[in-house]
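Note sheet for the following structure.
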Amino acid sequence: MKNNFKEQLKVNIKDDRFFHYKKFVMQQQEQFEIYINYLNRYINSLRSEGVVSNSLRIRARIKAAESALKNDDRKALDDVFGIEIICESDNEINTVRELIEKYVYILKQKIHDKENGYKAIHCSFYLNDKIIEMLTRDSANKEARKLFPIIEVQYKTEDVFQKANFGSASHEKYKKIDINLIKKLYENNQLKLGINLPFMWVSDPNHNTMRKLSTDEVIEAMYPSLKLKEKERI
């Protein structure tokens, strides 16, 4: 399915943009979860066969509405549904890419090699008919076959992942995040999944499905320097 959110915004410019973004996400979230769970199972099978390392892991997210709508005039919005594949080495990245990209149509690809140490391959694609047929074979929802989203995959090594989260290329530094403002919003319970926080999942080597993160876990992943108050985790 073509990602047509920008066209929807133009048609419904007088309507509630948050409503249309939420609708856009809801139409494709189930299919996105089907794919990331399949990917988790597939990576687990490759790990058991010794094709990939035990340290390989996956993070997935659906972009928060505030972030997506802020950028809709400048970006193609083909990164609303995102997957991060964190590998042991560049060679492992090449192995995983070859296996995954056999079943997708590549829309665009960009190789990042920034001065701050961020090196990664970003690739936007949608699934081909063969894998969609396989993933929806047992689904009672025939419309699901039409609603698989465009997905952006980011391939990076563990070293780059650490730099992008805790070091020279961190999200907080790159985006110039006001961590004091984030802390205030957090303490006032104003950080909400889907609105100003993404929905996020992490791979699980012991189960078939990805694990969905709680609000606090998402905050910890997004803002590692923020010290959360002590409270019971959801």
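- Residue Y155 forms a side chain to side chain contact (heavy atoms under 4.5 Å, CB included) with just one option from E84, H122, R97, and that option is R97.
- Residues E217 and V202 fail the side-chain proximity criterion, which asks for heavy atoms closer than 4.5 Å.
- A 4.5 Å side-chain heavy-atom check between E33 and M210 finds every atom pair outside the cut-off.
- A cation-pi geometry, defined here as NZ or CZ lying under 6.0 Å from the six-membered ring centre and within 45° of its normal, does not hold between R59 and F161.
- Taking hydrophobic clusters as Ile, Leu, Val, Met, Phe, Trp and Tyr residues chained together by side-chain heavy-atom distances below 4.5 Å, V52 does not share a cluster with I86.
- Hydrophobic clustering of Ile, Leu, Val, Met, Phe, Trp and Tyr side chains at less than 4.5 Å, counting indirect connections, keeps F24 apart from F19.
- Y103 contributes atom OH, which lies 11.0 Å from atom CG of L135 (distance to the nearest 0.5 angstrom).
- Closest approach of L56 to R47, counting heavy atoms only: O-NH2, 2.7 Å.
- Between the CD1 atom in I121 and the NZ atom in K156 there is a gap of 11.5 Å [rounded to 0.5 Å].
- Ring pair Y126/Y105 is tilted by interplanar angle, where 30° to 60° counts as tilted.
- Counting heavy atoms from C-beta outward, L147 and M26 have side chains that stay 4.5 Å or more apart.
- With contacts defined as side-chain heavy-atom distances shorter than 4.5 Å, the pair I83/I151 qualifies.
- Around NZ of K110, the count of heavy atoms belonging to other residues, nucleotides or ligands within 6.0 Å does not exceed 12.
- Salt-bridge annotation for K119 and D90: absent, with no side-chain N of the basic residue lying under 4.0 Å from a carboxylate O of the acidic one.
- Under a cut-off of 6.0 angstrom, the local environment of NE2 in H112 is crowded, with over 12 non-hydrogen atoms contributed by other residues, nucleotides or ligands.
- Here the straight-line distance linking atom OG of S124 with atom CD1 of I150 works out to 7.5 Å at 0.5 Å rounding.
- A donor-acceptor distance shorter than 3.5 angstrom exists from the side chain of N44 to the backbone of D204, with no hydrogens or angles considered.
- Note: the hydrophobic cluster containing L127 also contains W201 (ILVMFWY, side chain heavy atoms under 4.5 Å, direct or indirect links).
- When all heavy atoms of A64 and N196 are compared, the closest pair comes out as CB-C, 3.7 Å.
- Within the 4.5 Å cutoff, no side-chain heavy atoms of K163 are placed close to those of Y118.
- Remark: S53 OG to L46 CG distance equals 11.0 Å, nearest 0.5 Å.
- Heavy-atom minimum distance, L193 versus P198: CD2-O, 3.4 Å.
- Contact between F32 and G82 at its shortest, heavy atoms only, is CZ-O, 3.5 Å.
- Atom CD1 of residue I132 and atom CD1 of residue I34 lie 10.5 Å apart, to the nearest 0.5 angstrom.
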Review point. Hey, mind stepping through E152 and K63 against salt bridge (Lys or Arg N to Asp or Glu O under 4.0 Å) and telling me if it holds?
Key: CA-CA 11 Å; E152 183 194 67; K63 184 170 281 192; over 6 Å; no

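- Side chains of P205 and N54 form no contact here, defined as non-hydrogen atoms less than 4.5 Å apart.
- Inter-residue side-chain proximity for F81 and I62 is flagged as met; some heavy-atom pair is nearer than 4.5 Å.
- More than 12 heavy atoms of other shown residues, nucleotides or ligands fall within 6.0 angstrom of atom CE in M134.
- In this structure, N37 contributes its side chain and N208 its backbone to no donor-acceptor pair below 3.5 Å.
- Of all non-hydrogen atoms in I131 and N128, the two that sit nearest each other are N-OD1, 3.1 Å.
- The backbone N or O of E158 lies less than 3.5 Å from no partner atom in the side chain of Q162, so there is not a single donor-acceptor pair.
- Counted within 6.0 Å of CD on E49, heavy atoms from surrounding residues, nucleotides or ligands total more than 12; the atom is thus considered enclosed.
- Interatomic distance, CG of N40 versus OH of Y35, reported as 12.0 Å (0.5 Å rounding).
- The two residues T157 and S89 have their closest heavy-atom pair at CG2-C, 3.8 Å.
- Proximity of K183 to Y223: side-chain heavy atoms (C-beta onward) are nowhere separated by under 4.5 Å.
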Point to revise | Worked verdict on I36 versus I58 for side chain to side chain contact (heavy atoms under 4.5 Å, CB included) | key: CA-CA 9 Å; I36 62 175; I58 307 167; over 6 Å; no

